[in-house]
**Q** 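What follows is a structure written as structure tokens; I'll ask about it next.
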Amino acid sequence: MQDTLRITEVFYSLQGETRTAGLPTVFVRLTGCPLRCQYCDSAYAFTGGTIRSLDSIMEQVAGFKPRYVCVTGGEPLAQPNALPLLQQLCDAGYEVSLETSGALDISGTDTRVSRVVDLKTPGSEESHRNRYENIEHLTRNDQVKFVICSREDYDWAVSKLIQYNLAERAGEVLFSPSHHQVSASDLADWIVADNLPVRFQLQLHKLLWNDEPGR
Ligand SMILES: C[S@@+](CC[C@H](N)C(=O)[O-])C[C@H]1O[C@@H](n2cnc3c(N)ncnc32)[C@H](O)[C@@H]1O
Ligand SMILES: Nc1nc2[nH]cc(C(=O)O)c2c(=O)[nH]1
Ligand code: SF4
Ligand SMILES: [Mg+2]
């Protein structure tokens with residue numbers, strides 16, 4: 001089918017993460033993911049969804065009159081039509097971000113998109129899926145995220161930060177606690193103790209609305 005995507009939900013909320021945290025944002029959640037991170041808070045997007053035309057998605061997004069649009073999932077890049085969706089969203093004048101697992105090639109995405117590339121830690125149980133070739137495509141418009149499940153994950157993330165010079169390559173490096181799996185205040189303390197050039201982030205939407213889908 002041409003120009004269609006399988007979509008779990010489109011909703012307007014406050015961005016809970018990344019460098020635009022706190023800003024009203026439309027979320028477009030694409031259905032399906034080839035990974036199975038043990039902590040995944042969006043497993044309801046693995047299956048189901050509705051096949052929709054690009055035009056109908058663009059129309060629904062426009063109805064919210066947003067400045068920011070976040071394409072997430074599931075794994076957006078697992079659907080080939082994610083690329084024209086991202087491009088059309090940029091053409092329409094929105095500030096667009098893409099949440100991606102980093103398991104698929106990011107190089108075909110519109111360069112206006114801020115790609116939030118999650119480097120999967122060992123604690124996710126999907127770190128063998130990391131596509132390290134993506135790192136050479138990162139620009140200062142992009143963000144790298146580590147979702148940290150333990151002190152071991154933290155040490156691993158620090159080693160990748162140094163090995164790939166991520167703080168120079170990307171505009172932001174984000175360290176986020178895996179929800180309820182590591183103490184957020186411990187993670188904050190480790191970052192300060194090590195004087196790391198990274199941004200600590202919490203999932204604001206979980207503080208505000210617990211774990212309700214569509215928020
Ligand atoms: C649900 S994923 C969808 C996009 C893509 N599949 C990915 O993993 O980046 C969006 C972001 O939520 C993060 N995430 C999922 N479950 C989480 C949890 N329990 N605690 C913290 N972050 C979580 C993921 O690591 C990812 O950075
Ligand atoms: N409010 C809110 N912010 C988010 N930022 C990234 C999300 C995601 O599920 O990818 C998300 C989400 O699900 N809700
Ligand atoms: S890659 Fe993203 S959507 Fe897929 S299982 Fe991991 S966190 Fe969930
Ligand atoms: Mg979420």
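Because the structure is a prediction, the values reported are computed rather than measured. Numbering of ligands and ligand atoms starts at 1, following listing order. FYI, side chains are in, hydrogens and waters are out, and symmetry mates aren't considered; it's all heavy atoms of this structure.
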**Q** Taking the side chain as C-beta and beyond, is there a heavy-atom pair between L14 and L23 under 4.5 Å?
**A**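 Contact flag for L14/L23 side chains = no.
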**Q** Just wondering, do W209 and S13 contact through their side chains at under 4.5 Å, heavy atoms?
**A**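 They are in contact (side-chain heavy atoms under 4.5 Å apart), so the answer is yes.
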**Q** How many angstroms lie between atom CZ of R215 and atom CD of E9, to the nearest 0.5 angstrom?
**A**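 R215 CZ to E9 CD: 11.5 Å, rounded to 0.5 Å.
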**Q** Mind checking the SG-CD spacing from C33 to E126? Nearest 0.5 Å is all I need.
**A**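 Atom-to-atom, C33:SG and E126:CD are 8.0 Å apart.
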**Q** Could you list the atoms of ligand 1 found under 4.0 angstrom from a heavy atom of G73?
**A**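 Near G73, meaning under 4.0 Å from one of its heavy atoms, ligand 1 has 1 (C), 3 (C).
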**Q** Note the single closest protein heavy atom to atom 15 (C) of ligand 1, along with its residue, its atom name and the distance in Å.
**A**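 Ranked first by proximity to atom 15 (C) of ligand 1 is D41 OD1, 3.4 Å.
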**Q** Report the part of S124 (side chain from C-beta onward, or backbone N, CA, C, O) that has a heavy atom under 4.0 Å from ligand 1; answer both or neither where that applies.
**A**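 Neither; no heavy atom under 4.0 Å.
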**Q** Sub-3.5 Å donor-acceptor pair from the side chain of R115 to the main-chain atoms of I106, do we have one?
**A**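 Side chain of R115 to backbone of I106, a donor-acceptor pair under 3.5 Å: yes, one is there.
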**Q** Please confirm whether the backbone N or O of R19 pairs with a side-chain atom of Q143, one donor and one acceptor, at under 3.5 Å?
**A**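 A pair under 3.5 Å: yes.
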**Q** Please state whether K206 comes within less than 4.0 angstrom of ligand 1, counting heavy atoms only.
**A**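 Contact present.
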**Q** Within a distance under 4.0 Å of any heavy atom of S178, pick out the atoms of ligand 1 and give their elements.
**A**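 In order of number, 20 (N), 21 (C).
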**Q** Does K120 come within less than 4.0 Å of ligand 3, judged by its heavy atoms?
**A**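 Within the 4.0 Å threshold, so yes.
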**Q** How far is atom 11 (C) of ligand 1 from its nearest protein heavy atom, and which residue and atom name does that atom have?
**A**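 That would be E99 OE1, 3.4 Å.
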**Q** Can you name the atoms of ligand 2, numbered from 1 with element, that are less than 4.0 Å from a heavy atom of R215?
**A**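 This gives 1 (N), 2 (C), 12 (C), 13 (O), 14 (N) as the contact atoms.
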**Q** Nearest non-hydrogen contact with atom 5 (N) of ligand 2 belongs to which option: E212, E17, Q15?
**A**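 Nearest heavy atom to atom 5 (N) of ligand 2 lies in Q15.
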**Q** Number the atoms of ligand 3 from 1 as they appear, then name those within less than 4.0 Å of a heavy atom of C33, with their elements.
**A**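 Per the distance check, 1 (S), 3 (S), 4 (Fe).
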**Q** Among protein heavy atoms, which sits nearest to atom 19 (N) of ligand 1, and what does the distance come to when rounded to 0.1 Å?
**A**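 The answer is Y39 O, 2.9 Å.
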**Q** Suppose we measure from atom 23 (C) of ligand 1 to each protein heavy atom; which comes out shortest, and what is that distance?
**A**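 In this structure, atom 23 (C) of ligand 1 has Q203 NE2, 3.7 Å as its nearest protein heavy atom.
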**Q** Any side-chain heavy atom of F27 within less than 4.5 Å of one from V71?
**A**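 No. Closest side-chain heavy atoms not under 4.5 Å.
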**Q** Looking at E99 and K145, is there a salt bridge between them, counting it only when a charged N and a carboxylate O are closer than 4.0 Å?
**A**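 Yes.
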**Q** Starting from atom 2 (C) of ligand 2, what is the nearest protein heavy atom, named by residue and atom, and what distance separates them?
**A**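 Answer, as residue, atom name and distance: H205 CG, 3.4 Å.
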**Q** With heavy atoms of L14 as the reference, note each atom of ligand 2 found under 4.0 Å away.
**A**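 The atoms of ligand 2 under 4.0 Å from a heavy atom of L14 are 1 (N), 2 (C), 3 (N).
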**Q** Hey, is ligand 2 close enough to T72 that some N/O pair sits below 3.5 Å?
**A**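 For ligand 2, there is an N or O atom that lies under 3.5 Å from one belonging to T72.
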**Q** Can you pull out the closest protein heavy atom to atom 8 (O) of ligand 1? Residue, atom name and distance to 0.1 Å, please.
**A**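 The protein heavy atom lying closest is K120 NZ, 2.9 Å.
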**Q** Which ligand 2 atoms, with their elements, are less than 4.0 angstrom from a heavy-atom of G16?
**A**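 Close to G16: 1 (N), 2 (C), 3 (N), 4 (C).
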**Q** Using a strict cut-off of 4.0 Å, indicate which atoms of ligand 3 neighbour a heavy atom of L35.
**A**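 Counting from 1, the qualifying ligand atoms are 1 (S), 5 (S).
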**Q** Could you tell me, atom by atom, which parts of ligand 3 come under 4.0 Å of a heavy atom of S101?
**A**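 Result: 1 (S).
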**Q** Can you find a non-hydrogen atom of S13 under 4.0 Å from ligand 2?
**A**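 Contact check S13 vs ligand 2: positive.
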**Q** Would you mind checking which non-hydrogen protein atom is closest to atom 5 (S) of ligand 3, with the distance to 0.1 Å?
**A**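 Nearest neighbour among protein heavy atoms for atom 5 (S) of ligand 3, to 0.1 Å: C37 N, 3.3 Å.
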**Q** Distance under 4.0 Å to a non-hydrogen atom of F46: what atoms of ligand 3 satisfy this?
**A**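 Contacts of ligand 3 toward F46, numbered from 1: 5 (S).
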**Q** Using a strict cut-off of 4.0 Å, indicate which atoms of ligand 1 neighbour a heavy atom of S101.
**A**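 Contacts of ligand 1 toward S101, numbered from 1: 5 (C), 7 (C), 8 (O), 9 (O).
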**Q** Distance under 4.0 Å to a non-hydrogen atom of G74: what atoms of ligand 3 satisfy this?
**A**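 In order of numbering, the contacting atoms are 3 (S).
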**Q** Taking only heavy atoms of C40 into account, list the atoms of ligand 1 that are under 4.0 Å away from them.
**A**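 Those atoms are 16 (N).
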**Q** By number and element, which atoms of ligand 1 are closer than 4.0 Å to a non-hydrogen atom of G74?
**A**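 So the atoms of ligand 1 that pass are 3 (C), 4 (C), 5 (C), 6 (N).
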**Q** If only side-chain N and O atoms count, and only distance matters, is there a donor-acceptor pair under 3.5 Å linking Y39 with E125?
**A**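 Short answer, no.
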**Q** Go through ligand 1 atom by atom and flag the ones less than 4.0 Å from a non-hydrogen atom of S42.
**A**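 Atoms satisfying the 4.0 Å criterion: 1 (C).
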**Q** Please walk me through it: do K120 and F146 pass side-chain contact (heavy atoms from CB on, under 4.5 Å)?
**A** CA-CA 7 Å; K120 296 296 176 186; F146 292 92; over 6 Å; no
**Q** Check each atom of ligand 1 against the heavy atoms of K145 and keep those under 4.0 Å away; list them by number with element.
**A**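 Once the distances to K145 are compared, the set is 11 (C), 26 (C), 27 (O).
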**Q** Which of the numbered atoms in ligand 1 are under 4.0 angstrom from any heavy atom belonging to V147?
**A**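 Answer for ligand 1: 21 (C), 22 (N), 25 (O).
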**Q** Among D194, T121, D186, which residue meets the side-chain hydrogen bond (donor to acceptor under 3.5 Å, both in side chains) test with Y154?
**A**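 The single option meeting the side-chain hydrogen bond (donor to acceptor under 3.5 Å, both in side chains) with Y154 is D194.
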**Q** What distance do K160 atom NZ and Q163 atom CD have between them, rounded to the nearest 0.5 Å?
**A**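 Answer for the NZ-CD pair, K160 versus Q163, is 4.5 Å.
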**Q** For ligand 1, is any non-hydrogen atom under 4.0 Å from D118's backbone (N, CA, C, O), its side chain (CB onward), both, or neither?
**A**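 Looking at D118 and ligand 1, just side chain atoms fall under 4.0 Å.
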**Q** Is any side-chain heavy atom of H205 closer than 4.5 Å to a side-chain heavy atom of Q15?
**A**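 H205 vs Q15: side chains apart.
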**Q** Using heavy-atom distances, let me know which of D211, T100, L104, V71 sits nearest atom 9 (O) of ligand 1.
**A**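 The nearest heavy atom belongs to T100.
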**Q** Would you say the side chains of D105 and S107 form a donor-acceptor pair under 3.5 Å?
**A**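 Yes - a donor-acceptor pair under 3.5 Å links their side chains.
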**Q** Could you tell me the residue and atom name of the protein heavy atom closest to atom 20 (N) of ligand 1, and the distance to it rounded to 0.1 Å?
**A**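 In this structure, atom 20 (N) of ligand 1 has H179 N, 3.0 Å as its nearest protein heavy atom.
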**Q** Using a strict threshold of under 4.0 Å (side-chain N to carboxylate O), is an ion pair present between D142 and R169?
**A**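 Here R169 does not pair with D142 in a salt bridge, since their nearest N and O are not under 4.0 Å apart.
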**Q** Backbone N or O of T4 within a donor-acceptor pair of the R52 side chain at under 3.5 Å?
**A**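 Flag not set: sc R52 to bb T4 has no pair under 3.5 Å.
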**Q** Kindly indicate whether the side chain of Q87, heavy atoms from C-beta on, has any atom under 4.5 Å from the side chain of V113.
**A**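 Side-chain contact under 4.5 Å: no.
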**Q** Say whether G73, considering both its backbone and side-chain N or O atoms, lies within less than 3.5 Å of an N or O atom on ligand 2.
**A**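 By distance alone, the answer is no.
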**Q** Does V147 reach the side chain of F175, with side-chain heavy atoms less than 4.5 Å apart?
**A**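 Not touching, per the 4.5 Å side-chain cut-off.
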**Q** Answer yes or no: does an N/O atom from R29 fall short of 3.5 Å to an N/O atom of ligand 2?
**A**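 By distance alone, the answer is yes.
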**Q** Within ligand 3, which atoms have a heavy atom of C40 less than 4.0 Å away?
**A**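 Selected atoms, number and element: 3 (S), 5 (S), 7 (S), 8 (Fe).
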**Q** Is the terminal nitrogen or CZ of R36 (NZ for Lys, CZ for Arg) located under 6.0 angstrom from the six-membered ring centre of F46 and within 45° of that ring's axis?
**A**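 Yes, cation above the ring, under 6.0 Å and within 45°.
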